[in-house]
**Student:** 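The structure is given below, and queries will be raised subsequently.
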Amino acid sequence: LKVIARVLKPTKGKVEVNGTVAPLIELGAGFDPQYTGKENIYLYGAMLGYTKAFIDEKYDEIVEFSELHDFMNVPVKNFSSGMISRLAFSIATIGIPDILIVDEVLSVGDFRFQEKCKNRIKNMLDKGTTLLFVSHSIEQVEELCNKVVWLDKGNLKMAGESRNIAEIYSAS
């Protein structure tokens with residue numbers, strides 16, 4: 001995932017990625033704990049390739065989605081891991097990338113916020129975003145994906161339609 005997200009270079013071969021990528025791999029990995037929530041919105045946004053003007057325009061929407069209005073002037077070192085995940089998800093998904101990489105992100109936060117995140121992802125899919133989704137939740141895979149690659153200890157076990165693979169996976 002980090003190679004596809006262009007965070008790491010491959011040690012062998014090459015990966016060609018066409019389009020913009022929004023990686024939700026390690027939420028908040030680019031945050032500075034000394035900075036406030038507001039400062040981290042701009043920092044993380046810049047790391048994701050967003051311009052200051054774009055963040056200025058989307059700032060209120062990011063804060064509204066994260067539901068962290070009262071914490072924007074608080075240093076992130078005082079945030080819970082759930083609060084960091086909320087803020088990072090809100091920033092990373094404010095644009096409509098060509099490719100969205102999601103690695104176990106939907107397992108954080110309360111159920112209502114997880115549903116809110118799934119709905120935002122579905123909206124992105126409706127607008128043409130390709131989703132690369134990694135999860136142990138077969139229910140989430142079925143809900144968000146139409147194709148599945150099942151890996152077992154790094155080896156390809158099966159690939160195909162999500163409904164078929166989910167059925168076989170659930171029976172195993």
**Student:** Side chains of Val102 and Leu132: does their closest heavy-atom pair fall under 4.5 Å?
**Tutor:**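 No, too far: nothing below the 4.5 Å cut-off.
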**Student:** Quick check: closest heavy atoms across Ala5 and Pro23, and the distance to 0.1 Å?
**Tutor:** CB-CB, 3.7 Å
**Student:** Give the table of side-chain donor-acceptor pairs shorter than 3.5 Å for residues 54-63, with sequence neighbours excluded, one pair per line with atom names and distance.
**Tutor:**
from: Asp56; atom 1: OD1; to: Tyr42; atom 2: OH; distance (Å): 2.6
from: Asp56; atom 1: OD1; to: Lys52; atom 2: NZ; distance (Å): 3.3
from: Asp56; atom 1: OD2; to: Lys52; atom 2: NZ; distance (Å): 3.0

**Student:** Classify the ring geometry between Phe65 and Phe89 as parallel (under 30°), tilted (30 to 60°) or perpendicular (over 60°).
**Tutor:**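 Answer is parallel, since the angle falls under 30°.
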**Student:** Measuring from atom CG of Leu144 to atom CG of Leu125, what distance do you get when rounded to the nearest 0.5 angstrom?
**Tutor:** 7.0 Å
**Student:** Is there side-chain contact between Leu87 and Phe31, with heavy atoms separated by less than 4.5 Å?
**Tutor:** yes
**Student:** Evaluate side chain to side chain contact (heavy atoms under 4.5 Å, CB included) for Leu24 paired with Asp103, printing each intermediate quantity in order.
**Tutor:** CA-CA 6 Å; Leu24 297 174; Asp103 183 14; over 6 Å; no
**Student:** Where is the tightest heavy-atom contact between Gln140 and Ser135, given as atom of each residue plus distance?
**Tutor:** OE1-OG, 3.5 Å
**Student:** For Thr130, which residues count as a side-chain hydrogen bond (donor to acceptor under 3.5 Å, both in side chains) partner, sequence neighbours excluded?
**Tutor:**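 Residues passing side-chain hydrogen bond (donor to acceptor under 3.5 Å, both in side chains) with Thr130: none at all.
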**Student:** Would you please say whether a donor-acceptor pair under 3.5 Å links the side chains of Arg120 and Thr93?
**Tutor:**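 Looking only at side-chain atoms, Thr93 and Arg120 do form a donor-acceptor pair, the distance falling under 3.5 Å.
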**Student:** Distance-only check: which donor-acceptor pairs under 3.5 Å involve side-chain atoms of residues 150-172, not counting sequence neighbours?
**Tutor:**
from: Glu161; atom 1: OE2; to: Lys147; atom 2: NZ; distance (Å): 2.4
from: Ser162; atom 1: OG; to: Cys145; atom 2: O; distance (Å): 2.8
from: Ser170; atom 1: OG; to: Ala166; atom 2: O; distance (Å): 2.9
from: Ser172; atom 1: OG; to: Tyr169; atom 2: O; distance (Å): 2.7

**Student:** Donor-acceptor check, side chain of Arg86 to backbone of Phe113, threshold 3.5 angstrom: yes or no?
**Tutor:**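 Not confirmed, Arg86 side chain does not pair with Phe113 backbone.
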**Student:** According to a 4.5 Å side-chain heavy-atom criterion applied to Ile, Leu, Val, Met, Phe, Trp and Tyr, with indirect links allowed, do Leu100 and Val149 form part of one hydrophobic cluster?
**Tutor:**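 No.
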**Student:** Report yes if the side chains of His69 and Glu64 come closer than 4.5 Å at any heavy-atom pair, otherwise no.
**Tutor:**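 Touching, per the 4.5 Å side-chain cut-off.
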**Student:** Passes side chain to side chain contact (heavy atoms under 4.5 Å, CB included), Asn78 versus Phe71? Steps please.
**Tutor:** CA-CA 9 Å; Asn78 297 321; Phe71 300 94; over 6 Å; no
**Student:** Where do Tyr35 and Ile41 land on the side chain to side chain contact (heavy atoms under 4.5 Å, CB included) test, with the steps shown first?
**Tutor:** CA-CA 10 Å; Tyr35 286 11; Ile41 288 174; over 6 Å; no
**Student:** Is there side-chain contact between Asp32 and Asn40, with heavy atoms separated by less than 4.5 Å?
**Tutor:**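 In short, these two side chains touch, coming nearer than 4.5 Å.
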**Student:** Can you list the steps and then say if Lys122 with Lys127 is a side chain to side chain contact (heavy atoms under 4.5 Å, CB included)?
**Tutor:** CA-CA 9 Å; Lys122 287 177 184 177; Lys127 292 181 178 175; over 6 Å; no
**Student:** Is it the case that Thr36 and Asn73 place a side-chain donor and acceptor less than 3.5 Å from each other?
**Tutor:** no
**Student:** Do the side chain of Thr20 and the main chain of Asp98 share a donor and acceptor less than 3.5 angstrom apart?
**Tutor:** yes
**Student:** Would you name the heavy atoms of Pro97 and Thr129 that are closest together and state the gap between them?
**Tutor:** O-OG1, 2.6 Å
**Student:** So does Lys38 have more than 12 non-hydrogen atoms from other groups sitting under 6.0 Å from NZ?
**Tutor:** no
**Student:** If you define the side chain from C-beta out and look only at heavy atoms, does anything of Lys2 sit under 4.5 Å from Lys9?
**Tutor:** no
**Student:** So which heavy atom on Tyr44 is nearest to which on Ala92, and how close?
**Tutor:** CE2-CB, 4.4 Å
**Student:** With a sphere of 6.0 Å drawn around NE2 of His136, does it hold more than 12 non-hydrogen atoms of other residues, nucleotides or ligands?
**Tutor:**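 Open.
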**Student:** On a heavy-atom basis, which atom in Pro10 and which in Gly13 lie closest, and how many Å separate them?
**Tutor:**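 Of all heavy-atom pairs spanning Pro10 and Gly13, the closest is CG-O, 3.8 Å.
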**Student:** Is the shortest heavy-atom distance from the side chain of Ile91 to the side chain of Leu48 under 4.5 Å?
**Tutor:**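 Yes. Closest side-chain heavy atoms under 4.5 Å.
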**Student:** Any side-chain heavy-atom pair from Gln114 and Asn119 closer than 4.5 angstrom?
**Tutor:** no
